[in-house]
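Here is the structure we will look at, set down as structure tokens.
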There are 2 protein chains.
Amino acid sequence: MDQEALLRAAAEFLGRRPNATQDEIAEAAGVSRATLHRHFAGRRALLDAVDALAVREMRQALDDVRLTEGPAADALRRLITASQPVSPFLALLYSQSQEYDSDEPGAAWAEIDEALMALFRRGQENGEFRTDLSPAWFSDALFSVVAGAAWSVKVGRAAARDYPAMITGLMLDGVLR
Amino acid sequence: MDQEALLRAAAEFLGRRPNATQDEIAEAAGVSRATLHRHFAGRRALLDAVDALAVREMRQALDDVRLTEGPAADALRRLITASQPVSPFLALLYSQSQEYDSDEPGAAWAEIDEALMALFRRGQENGEFRTDLSPAWFSDALFSVVAGAAWSVKVGRAAARDYPAMITGLMLDGVLR
DNA sequence: TTTACGTGAGACAAGTTTGTCTCACGTGAG
DNA sequence: CTCACGTGAGACAAACTTGTCTCACGTAAA
């Protein structure tokens, strides 16, 4: 198992069980605790690596989908689709970045949050999106819904292939017919 | 501090920090660890009590709002409003109920989940709600959005008084104008 | 074949958390 | 005033987790 795959497995498990012990994480990732330690020298290092992975992937997603191009709703759809690989651990990092003891991860997430809010603002300013709810809420809600969808997929309540449509449908149009 | 207030404070803190130690929980609740222990004899007992509190409050909310009466959308609005007191720790319990080691809490949550899905199905059958997304997803999404809103309120990104409108707006109508 | 490397298992020390208890104190009621 | 009660602080043992290391093994490449 290469380090990236190990890190991803650990991240996904931690996304579901923030309380997991190093033993449990290692087992879930299919390696021994010694091996986990060899790759990530301690829990702190592992958490930092998970955080860095999520930030990197979110930044990549933001770059790839070019949030500033085209209609805001289309950009949001692209982003939702691009978020799927990081979705199993996204909410873990984002919400805990507010509880984190280190300044740097928080700054990275703030930047990502700002990019999302800018997208929602753009949509509001050009008339695509409603203006009675705040961009900050939209950003938080998107993270929440992404996390919820990841969880649904993980526990088998939804199919992975439905991930984009589930979120897009709900975020853009809501449940009303 | 009476036991219920202590439990609620602990639950809210745990909702934000599932990893919190007993020391941290006690401090957040404004009591000593010894006192926390006197009320809840150990972490297991505390978690069980938090779970029972959330289940009780959700059941109360479901009873109060009478999900089977009136239009499904109105019932959903009533439920969203009624969920506010339990929102800070709802997602903690619901998502962890799937990871729980005890059968009973899972069963209680399954019952609550079923009531929610029944509401969404009712809405779909009578034409109020879209049918292309599943009631299971709607239920999961509601829990996620409720949790996200609670978090937004807690960290000051949204006002508590806006809680119902934030969720109702997003869940029912989405972000599109 | 040998060598290099990565690994798991197991051991052990250190660190942390938990469970539990005692003592002293403060508060409110009678 | 005394009594009853709840509490925090502190102590300590037990349990658990973490960090770290060594040894033996398996695998792949030369």
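Predicted model only: the values in this text are computed from it and were never measured. The sequence lines fix the lettering, A, B, ..., with proteins before strands; numbering per chain opens at 1.
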Whole-Å distance separating the CG atom of A:D2 from the C1' atom of C:dC5: 16 Å
Contact nearer the 5' end of DNA chain D, comparing A:E24 with A:A41: A:E24
Under 3.5 Å donor-acceptor pair, A:R38 side-chain atoms to C:dG6 base atoms: no
Separation of D:dA9 C1' from B:E27 CD (nearest whole Å): 14 Å
Derivation and outcome, side chain to side chain contact (heavy atoms under 4.5 Å, CB included), residues A:E57 and A:S83: CA-CA 8 Å; A:E57 294 207 355; A:S83 71; over 6 Å; no
DNA chain D: 5'-proximal contact among A:T21 and B:S32 (nearest heavy atom): B:S32
Nucleotide D:dT17, atom P - distance to CG of A:D23 in whole Å: 8 Å
Short side-chain donor-acceptor distance under 3.5 Å, B:R33 and B:Q22: no
Closest to side chain of B:H39, choosing from D:dT7, D:dT17, D:dA9: D:dT7
Any side-chain donor near an acceptor of the partner, B:T81 and B:Y163, under 3.5 Å: no
Atom-pair distance (CZ on B:F40; P on D:dT7), nearest Å: 11 Å
d(CZ, A:R43; C1', C:dA14) in whole Å: 17 Å
Donor on one side chain, acceptor on other, A:W137 and B:D162, under 3.5 Å: no
Rounded distance (Å) that lies between atom C1' of D:dC12 and atom CZ of B:R33: 11 Å
Parallel, tilted or perpendicular: rings of A:W109 and A:F143 (30°, 60°): perpendicular
C:dG30 pairs with, by Watson-Crick or G-U criteria that keep both distances under 3.5 Å: D:dC1
Integer-rounded Å distance: C:dG19 P and B:I25 CD1: 10 Å
Side-chain N or O of A:H37 closer than 4.0 Å to phosphate OP1/OP2 of D:dC21: no
Integer-rounded Å distance: D:dG19 P and A:L36 CG: 10 Å
